[in-house]
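Below: one structure, written as structure tokens.
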Amino acid sequence: MEIPKTYDPKQAEESHYARWESAGCFKPETNRDASAPVYSIAIPPPNVTGSLHMGHALQHTIMDVLARYKRMQGFRTLWLPGFDHAGISTQIMVERQLKKEQGLTRHDLGREKFVERVWEWNRQYGGEIRMQMRREGASVDWSRERFTLDEKLTRAVREFFVRCYEEGLIYHGDGMINWCPKDQTALSDLEVEKESQAGKLYYLQYPLKGDGGRRVTVATTRPETMLGDTAVAVNPDDERYGDLLGATLELPLMGREIPVVADEFVDPAFGTGAVKVTPAHDPNDYAMGQRHNLPQVKVIDPHARMTTEAGAEFEGLDRYAARELVVQKFEELGLLEKVVDYEFSITKCGRCRTVIEPLISTQWFLKQAELGRAPLELMRERREPRFVPETPYEKVYINWLENLHDWTLSRQLWWGHRIPAWYDEEGRVYVARTEEEARRQAGTDKLTQDPDVLDTWFSSALWPISTLGWPDETEDLKTFYPTSVLVTARDIIFLWVSRMMMTGVKFRGERAFDDVYITGTIFDKHGQRMSKTKQNGIDPLDVFDKYGVDATRLVLASVGSTDTRWNDNQVESYRNFANKIWNAARFCLMNSEGANAATGIGWAHDKDLSLADRWIRSRFFKTTRAVSQAIENYQFYEAVQTLYHFFWDDFCDWYIELTKAEVTLAEDTPARRGARSRLLTVLEQSLRLLHPFMPYITEELWLRLPGVGAEMLHDAYRGAEPTIMLTSYPRFSEKFDYKKIDEQAESDVQALIELISRVRNIRSELGIKPGEAVSLLISAPEEQSRALFETQTAQIARLTRASDTSVGAQLSVPRASARAALGNGAEVAVPLEGLIDFAQERARLGKEQDKLRGEAERLEKQLSNPQFVERAPEEKVSELRQRVADIAQRIVAIEQMLEALAE
RNA sequence: GCCCGCUUAGCUCAGUGGUAGAGCACUCGCUUCACACGCGAGGGGUCAGAAGUUCAAGUCUUCUAGCGGGCACCA
């Protein structure tokens, strides 16, 4: 079989996904075992706009590793894909495109045509993301793909809305909301961002009515809002203002009379201790206004321009122009006390970065605090869901649920779920699942539907249940809910995670997911957040092209839940690992004549197994156990490291090398066939272990192995096409497989490795050319190690490039030898007559002895501490004693070697 | 203001009480019949600092410094 020397990831990436997909490998129905346990994940639906970034690739890798792992274990596995309509951001992008290409606004087009255009956009970009996900190898069930605006999901949204309305959780009314003057819509508290900014604090003086010239000074960052002031508030305990309570001030520029009120909210230590109150344009002032029954004077309109109520001089002015004019007028009137530099935080629209204008507006609201109560109890009583990592996310989640505010649901947009509310000609509202139902309620068909749409996150909140068919009691819903894990980024714990828990608990009576895995953030190499505006993002597709999907997945799995700076070196090293796998398989395949991956080692017939076989089997099962535990505990870095070192160090560096002589025998003997088959079996099993992380290369190689076939599939997938993804994942059972862990074989091979390494060290340090053969004299006074070395002389000779190797209890060693002390009193000598520099060799041994003495000193100090001997566990103490004895023995051995070298 | 996280080899990061690790980078030697995306051998860390608990601390506690994050407030 011709196999290229270097692995080409593209070839494998193009070969397998379509086959897996068309064979139905991703569908849970492929699992024929009716009693199979269930594993399910609902993907965080990406926005259709734009393309996938590294954060998506990270989440998808984690989910795919879990899905493939569970699938191979025989779980009925569903990873459900889908997309989010992402109301505001999608609408903004299409509007931008419309402006750029045709110079039109959405209003020029009209609602219907505009929405049709957004659908068109979705069809175009959705395809791109599907392509990217296929490239990633994501084993999602495309037949169950969902979109938040699908008819069925829309039904779920209406059901959610109507039920909450009927229960009084949703209401229609006035409230102080975040308004984006550019996007012309209300926003929830979670869709706005605080930003700190350098600005000014203006000290304005308001004259007291009637009293000869007395003034009260208020401090403000927004002088233009004074036009809407309807009071000044002071703290009731503030003695400076005690006599002013109930007094009346004359509001400059407006001439309006406003009262001085007392309110606990006011902090006497801040500013002047007197606060101007603008109930119509500030959330805190709004609340104060309600407490004191103050009028609300709206002076700023939805375009952030001043209204008629702001007065003729200001009407129509932009808020910032009005600010300058107000300040100028105060200065002219001598009422501007001072202006100081001041850093404050400003609220901006999360999408367009426009400064938010708090406005009183009629909107739909959800009493989130009531919906949040059940999830909070679930967390407190049963600690569900389980957050990974637990800190800090569990606390973050709890804190959020404890402080819930009403959620502004309505958006003045066109792209999204239309609010299921209709108004009759008198303005009475009817909330219903359908227009017909609303008509029946109203007793008329002259109804107008509310023009607004719902916050995108309202439909997202239903994702785990709506995608499975809710409100219908579908088989999928019964089978796959609650989902097993949610894998997502930390910035949407409030926006999304908590809300899915609310709807899940409300409508299904239980958690939406068992676990919540929060991924880390990937920064650029300077530690900066990747962003489009900074143009410092790394496109996953570019990395796939450069290093291959499998290598990239290993990096992403290793990143897991830690924040990391992106580093190409890391990908390169895993690319090299993929190549290592490729070449190890290449070696096995080049030597596979007469062999079979299916029957080889059998893992059982001990009498046929060499020391190396027993050793690799033991290493393999320890690896299997460690990797499974790591995946179960979401310790992906640990899993990857374990696999990497097992494959590279144990399998390639030692097993292949130790068995090479037998595997490459010229004659086709039973011994050669057996060795080859065992080698193939280890490879085949290793590929299975690697498959969840590296789906492409493992499939590519697995299919080439002689002897693989449909009979190797997991019982649950009987009858399916042969593919590694449906084989059973190797497992280690403490009860049945404990005999496969062979500590004797492990310590024997460890001794062998030490011997070989010491000889190689001698060769290297003494500058003996690689081509130059040496002789080895191995003295092993203990029977057992002597037997070990005797049976392994061929391997020892091969790996140290020795021409002859003698083993004995106590061999006499020529003075001109380089020597090394080994365990169990053994030692190895390399006679080097004429090649050895005595001084250099003494120095080498001296260095080794110093190292050992340092360690012995430390250990003896510890052992001589009676407290340690008394209080430390006995096994610790005896372990230490044994080590000290071993080191002492080696020190003595080296001492003798040095004496023999003495002039 | 409250809460939280991080600080380990030049770089990116593992390591939740018992001999300080990996990859990359670095040094030396190798066209050794799977692989130079490789093989072999090396060098490199007072685990941010201080105090404490413990027989034993990178690991637990407290404090300090630097960096980062979340929440509240910001008139």
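Atom set for the values below is all heavy atoms of this structure, side chains included, hydrogens, waters and symmetry mates excluded. In the text below, chain A, chain B and the rest are named by the order of the sequence lines, each starting its count at 1.
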Same-atom distance ([atom1]) from [N] to [M], integer angstrom:
N      : M      : atom1 : result
G49(B) : G58(B) : P     : 11 Å
U61(B) : G5(B)  : P     : 9 Å
U32(B) : U19(B) : P     : 40 Å
G21(B) : A14(B) : C1'   : 7 Å
A57(B) : G66(B) : C1'   : 23 Å
A48(B) : G10(B) : P     : 13 Å
U12(B) : U54(B) : C1'   : 34 Å
C63(B) : U59(B) : P     : 16 Å

Rounded to the Å, how far apart are [X] [atom1] and [N] [atom2]?
X         : N      : atom1 : atom2 : result
Gln840(A) : G42(B) : CD    : P     : 14 Å
Asp649(A) : C39(B) : CG    : C1'   : 13 Å
Glu857(A) : U19(B) : CD    : C1'   : 15 Å
Glu875(A) : G17(B) : CD    : P     : 15 Å
Trp654(A) : C39(B) : CH2   : C1'   : 12 Å
Phe587(A) : A34(B) : CZ    : P     : 6 Å
Phe636(A) : C13(B) : CZ    : C1'   : 17 Å
Lys769(A) : G40(B) : NZ    : C1'   : 16 Å

Scan [X] against the nucleic acid and name what it touches under 4.0 Å (heavy atoms): base, sugar-phosphate only, or nothing.
X         : result
Cys652(A) : base
Phe265(A) : sugar-phosphate
Arg565(A) : sugar-phosphate
Gln862(A) : base
Asn403(A) : nothing
Asn399(A) : nothing
Lys525(A) : nothing
Arg763(A) : nothing
Val266(A) : base
Asp285(A) : nothing
Pro873(A) : base
Thr221(A) : sugar-phosphate
Phe577(A) : nothing

Handout entry: Pairwise side-chain contact, Arg672(A) with Glu667(A), heavy-atom cut-off 4.5 Å (strictly under)
Key =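 The answer is no, as the side chains (C-beta and beyond) never meet within the 4.5 Å cut-off.
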Residues [X] and [Y]: side-chain donor-acceptor under 3.5 angstrom:
X         : Y         : value
Arg240(A) : Thr272(A) : no
Glu191(A) : Ser188(A) : yes
His292(A) : Asp263(A) : yes

Select one nucleotide: of [options], the one nearest the side-chain heavy atoms of [X].
X         : options                : result
Lys580(A) : U12(B), U32(B), C35(B) : C35(B)
Asn579(A) : U32(B), C35(B), U12(B) : C35(B)
Trp648(A) : G38(B), U12(B), A34(B) : G38(B)
Thr6(A)   : C37(B), A41(B), U32(B) : C37(B)
Asn576(A) : A34(B), A14(B), C37(B) : C37(B)
Lys395(A) : G29(B), C13(B), C3(B)  : C3(B)
Glu855(A) : U32(B), A41(B), U19(B) : U19(B)
Phe494(A) : U19(B), G42(B), C71(B) : C71(B)
Asp653(A) : G40(B), C74(B), A22(B) : G40(B)

Please determine whether the number of non-hydrogen atoms from other residues, nucleotides or ligands lying under 6.0 Å from atom [atom1] of [X] exceeds 12.
X         : atom1 : answer
Glu402(A) : CD    : yes
Glu593(A) : CD    : no
Glu857(A) : CD    : no

Problem - Ile656(A) or Thr564(A), whichever maps to the more 5' nucleotide of RNA chain B - result: Thr564(A)
Fill in the blank from the handout: Assign each of Asn761(A) and Val559(A) the nucleotide of RNA chain B bearing its closest heavy atom; nearer the 5' end lies the nucleotide of Val559(A)
Pair assignment for [N], Watson-Crick or G-U wobble, requiring both distances under 3.5 Å:
N      : answer
C2(B)  : G70(B)
C47(B) : none
C33(B) : none
G18(B) : C55(B)
A65(B) : U7(B)
U27(B) : A41(B)

Exercise for the section: Output yes when at least one side-chain N/O atom of Thr562(A) is less than 4.0 Å from OP1 or OP2 of A14(B), else no. Expected result: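 True: Thr562(A) side-chain N/O within range (under 4.0 Å) of A14(B) OP1/OP2.
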So does [X] reach the base of [N] with its side chain, donor to acceptor, closer than 3.5 Å?
X         : N      : result
Ser345(A) : C74(B) : yes
Arg575(A) : C37(B) : yes
Lys5(A)   : C35(B) : no
Glu657(A) : A34(B) : yes

Handout entry: Nearest heavy atoms of Ile697(A) and Ala578(A), plus distance in Å
Key = CD1-O, 3.2 Å
Problem - Residue among Leu294(A), Asp229(A), Ile258(A), Val218(A) satisfying side chain to side chain contact (heavy atoms under 4.5 Å, CB included) with Val277(A) - result: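 One option only clears the test, and that one is Leu294(A).
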Problem - Charged tip of Lys660(A) within 45° of Phe587(A) ring normal and under 6.0 Å - result: yes
